[in-house]
**Q** 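Please see the structure below; I have some questions.
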Amino acid sequence: MFELSIKNKILFFIIALFSFAFVGFLSIFISFQNQKMQEIKIENLSRVSESFKKNRELHLNDYYLKLMNDFLSKEIIKEVASENRDELLKMTKEKYLQMTKEDENIFQVYFHKKDGKTLLRLHNVDLYDDEVAKIRVMAQTIHKEQKEISGFERGSNGVAYRIFKPIFYENRYVGALEFDVSPKKILNLVAYFNKIDGALIFNDTNKDSPFVQFQKISDEKLRHFLANNSSDMQTQNIHTDDGNYYAIYSFDILDYSNKNIGKFLFFDDITMQYKEYKKDLIMFSVNFAIVFIFLIVVINIGFSTITKKLNESNEKLQESNDELETILTTTKDGIAILDLQTNFLFFNDSYLKMTDFSKEELLSKSCAELSAPEDLPRAIKAVEEVMQKGFVENFEKTCILKDGKRVDINMSIALMPDKKRLLLSVKNITEFKIKEKLLQEYVSLIDKNIITSSTNIKGNIIYVSDKFCEISGFSKEELLGKNHRIVKHPDMPSSLYKEIWNTITQGKTWSGEIKNLKKDGGFYWVKASIYPTFDSYANHTGYTAIRQDITDKKIIEEISITDGLTNIFNRRHFNETCPKMIHSAKRENELLSFLLLDVDHFKLYNDNYGHQEGDEVLKAVALCLKNTMHRADDMVFRLGGEEFGVLFKADSKEKAFEFSNILRKNIEDLKIAHDFNSASKYITASMGLVCKHADEIESMDTIYKDADDLLYKAKDGGRNRVVGNV
């Protein structure tokens, strides 16, 4: 019988052993790599899922409910209650067109009657009075529950995200407002923030298979794959023809009845991780094979060869030691070996150069001797800690070197295996410390001289500079956690803050001038730039504002626009302000009122009482007009001589006329005697009132002329009266 030699037995044993080991290690390696890939996909899926939820809540529910609240004015609600479709269309048409122009994701807007029928489709005004509540679950639900609801729902052309808001008039339910938003918005947001591709698959009951309703896919091969496999695609991994590897994350789209009407698919490109996995697998197999072949060759050559190889290995080990020594002597970091009393035993050239000592001088010293006196106790304590723990990292101290030179260093200390020596790794951080100090001084300089603040996403203050506290008079403790309303000045209209909030919550920067309130009741003006802030994952974290003090500039401006006698705005400011108010009112088609008034028989008053008394009358009338104003954006002007103008807003023409009469009566109630006044025994005024919707006003000149004509009618009618276009 054939007997194997010892060498061959060993050879076959090694082959069998390595074969089993290879299979075992390969299985463990594959299992580990698969688990690693799965963890990557689970982590990414969790991130995408969280992003999907946040974007749905913030950019669908919250955003459009706020938009609906802004859309519904008191007048619109009133017309919904009266089911006056034509008037409702007039009020909402421009709003709808502007809104859809600014946001292409809004594609349908409905007004529903309380009986379930459609009152008005702004996207299809010719179709109404159909009983949509009988065929749509969410339309039925809003009339039953009469509360805000939202969710996905099947439409005629695919999935739509619908938001319903109940409408109440005089505490009774009169109908509902519905916004239909394209779900491609959340698809695009999630895809953008997570840097992935995505698609929306719609389960159309009228077709044999689902189809792709929306997609945001950059890879043409992936787009082609999706088009051919959308009907049966589930959460899986796919390969495209060009070798890319994607993990698919699927989110079912459930309608308000919890029925599956489609799904969002997101494609996570993990090609790089997959290629790494394959590369590691190949390298593992190749390395294992190389080791296996090497051992077979070694055994086959014989023990003599093995001995030779061992000798060669010793030579290589020596080479490694030589290389290590080369590294120690050439590295820019200082390396040193000390005894337990911190006396120097060895140091590389970098360490020697760092100290400016000669080799002989340094060998005669200890590391402790180089420590600055104030740092010596900490240095001794650090050595004691090394003896207990075995190492200390990033220990900083100041060393006094040759000729008294001081340097700052960062060192790591380790106890050598023989526990009789210490190994030091040292960096010179003197320049870094200087730069760090300069940076701290720069930050302090900004804090003391720049008016800046930061808030969280809710608008609550989380940081203010010292300069902010100095100019406002509030301490940091009084400001932190508060809203900026704490410095809101009553002269600033609420519409300005609404404009600021709308701008920055859309991710844009707002810039402009704001008058703020000091703690002591004073004021200051700033030119501000306010912008949103984001973290490294593109998550919105809050807002930051940088301001410049322009109080002196504004005071000069105020002087230039103020009448020197009456201390109210002058004709120049009227010429600048009136066109702006007309333009602002046109954005919402608001009512704008202009009241032009003259003090009756003022020339007779001057001739009989004297010009000084006449000036006092003008001051009193101006103060009376100013004190009667009740809105921040109502304005009073002296237009020349005894002529005054008032720009104000009112809810209706009737209320504008009532308010004008209040002004007229308040002037007479001053009871300033005027014996030569044909209208009264006191000072009175005649007034011309123009009250129009902004889109009816051509220009400042036309509204002024109309008011002037009405003023003359008031004078011709006996004076001390208001004549208007009401």
Side-chain angles (χ1 to χ4, degrees), residues 287 290-291 294-295 298 306-437 439-440:
N287 290 334
I290 290 172
V291 173
F294 174 75
L295 285 179
V298 169
I306 294 174
T307 304
K308 183 180 177 180
K309 292 293 182 182
L310 288 173
N311 291 334
E312 291 176 355
S313 296
N314 288 333
E315 291 176 2
K316 288 182 178 180
L317 181 60
Q318 184 59 45
E319 290 176 1
S320 297
N321 288 334
D322 293 341
E323 290 175 357
L324 178 60
E325 186 175 350
T326 301
I327 292 171
L328 289 174
T329 56
T330 59
T331 180
K332 292 183 179 180
D333 290 347
I335 305 295
I337 297 177
L338 318 175
D339 63 18
L340 299 184
Q341 287 73 45
T342 75
N343 297 308
F344 288 103
L345 302 175
F346 166 83
F347 39 79
N348 64 358
D349 290 342
S350 295
Y351 192 95
L352 186 63
K353 185 178 179 180
M354 194 182 301
T355 66
D356 289 339
F357 288 111
S358 67
K359 185 176 181 180
E360 292 73 17
E361 288 173 331
L362 193 58
L363 284 173
S364 65
K365 296 181 179 294
S366 69
C367 186
E369 289 180 53
L370 302 183
S371 300
E374 65 270 18
D375 287 340
L376 183 58
R378 292 196 307 102
I380 295 172
K381 188 175 181 181
V383 173
E384 293 173 353
E385 187 177 348
V386 172
M387 298 303 296
Q388 294 175 359
K389 293 173 52 178
F391 66 92
V392 167
E393 293 182 326
N394 296 319
F395 173 73
E396 294 184 4
K397 70 172 184 175
T398 300
C399 290
I400 300 178
L401 306 178
K402 193 170 183 178
D403 299 327
K405 177 182 176 183
R406 295 174 72 96
V407 295
D408 294 315
I409 63 166
N410 177 288
M411 66 167 58
S412 295
I413 313 172
L415 186 64
M416 297 285 277
D418 60 10
K419 297 186 178 181
K420 295 180 180 180
R421 295 173 297 166
L422 301 173
L423 176 65
L424 304 186
S425 175
V426 182
K427 291 180 183 292
N428 187 337
I429 60 170
T430 306
E431 186 175 346
F432 170 78
K433 284 290 188 180
I434 293 172
K435 291 180 179 178
E436 184 180 48
K437 183 179 179 182
L439 180 61
Q440 290 173 348

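Both backbone and side-chain heavy atoms feed into the values below; hydrogens, waters and symmetry mates do not.
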**Q** Looking at CG of Asp349 and CD1 of Ile335, how far apart are the two atoms once the value is rounded to the nearest 0.5 Å?
**A**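 It comes to 12.0 Å.
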**Q** For the residue pair Leu424 and Cys367, what are the closest heavy atoms and their distance?
**A**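 Scanning both residues completely, I find the closest heavy atoms to be CD1-SG, 3.9 Å.
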**Q** How long is the span from the CE atom in Met416 to the CG atom in Leu338, to the nearest 0.5 Å?
**A**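 If I round to the nearest 0.5 Å, the distance is 10.5 Å.
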**Q** List the steps and the verdict of side-chain contact (heavy atoms from CB on, under 4.5 Å) for Val386 and Phe395.
**A** CA-CA 11 Å; Val386 172; Phe395 173 73; over 6 Å; no
**Q** Closest approach of Ala382 and Val392, non-hydrogen atoms and distance?
**A**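 Of all heavy-atom pairs spanning Ala382 and Val392, the closest is O-CG2, 3.7 Å.
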**Q** If you count every heavy atom of other residues, nucleotides or ligands that lies below 6.0 Å from Lys397 atom NZ, does the total exceed 12?
**A**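 Yes, NZ of Lys397 has more than 12 neighbouring heavy atoms, counting only those of other groups under 6.0 Å.
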**Q** If every non-hydrogen atom of Phe357 is compared with every non-hydrogen atom of Lys402, which pair is closest and at what distance?
**A**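 Result for this residue pair: CZ-N, 3.5 Å.
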**Q** Thr355 vs Phe344, test: side-chain contact (heavy atoms from CB on, under 4.5 Å). Steps then yes/no.
**A** CA-CA 13 Å; Thr355 66; Phe344 288 103; over 6 Å; no
**Q** To the nearest 0.5 Å, what is the distance between CG on Leu423 and CZ on Phe346?
**A**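 Reported to 0.5 Å precision, the distance equals 9.5 Å.
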**Q** Working to the nearest 0.5 Å, report the span between CD of Glu369 and OG1 of Thr342.
**A**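 Here the rounded value is 7.5 Å.
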**Q** Donor-acceptor pairs under 3.5 angstrom involving side-chain atoms of residues 403-414: please list them, not counting sequence neighbours.
**A**
| from | atom 1 | to | atom 2 | distance (Å) |
| --- | --- | --- | --- | --- |
| Arg406 | NH2 | Glu374 | OE2 | 2.6 |
| Asp408 | OD1 | Thr398 | OG1 | 2.8 |

**Q** For Ser371 and Ala379, work out which heavy atoms get closest and say how close.
**A**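 Between these two residues, the closest heavy atoms are OG-CB, 3.8 Å.
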**Q** How long is the gap from OG1 on Thr430 to CE on Met354, to the nearest 0.5 Å?
**A**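 One gets 9.0 Å once the value is rounded to the nearest 0.5 Å.
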**Q** With sequence neighbours left out, what residues match Gln341 under side chain to side chain contact (heavy atoms under 4.5 Å, CB included)?
**A**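 Partners of Gln341 under the side chain to side chain contact (heavy atoms under 4.5 Å, CB included) test: Asp339, Asn343.
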**Q** Measure the spacing between CG of Asp333 and OG of Ser425 and express it to the nearest 0.5 Å.
**A**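 Between atom CG of Asp333 and atom OG of Ser425 there are 5.0 Å.
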**Q** Any side-chain heavy-atom pair from Leu415 and Leu422 closer than 4.5 angstrom?
**A**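 Side-chain contact under 4.5 Å: yes.
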**Q** Mind checking what makes side-chain hydrogen bond (donor to acceptor under 3.5 Å, both in side chains) contact with Lys389, not counting sequence neighbours?
**A**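 So Lys389 forms a side-chain hydrogen bond (donor to acceptor under 3.5 Å, both in side chains) with Glu385.
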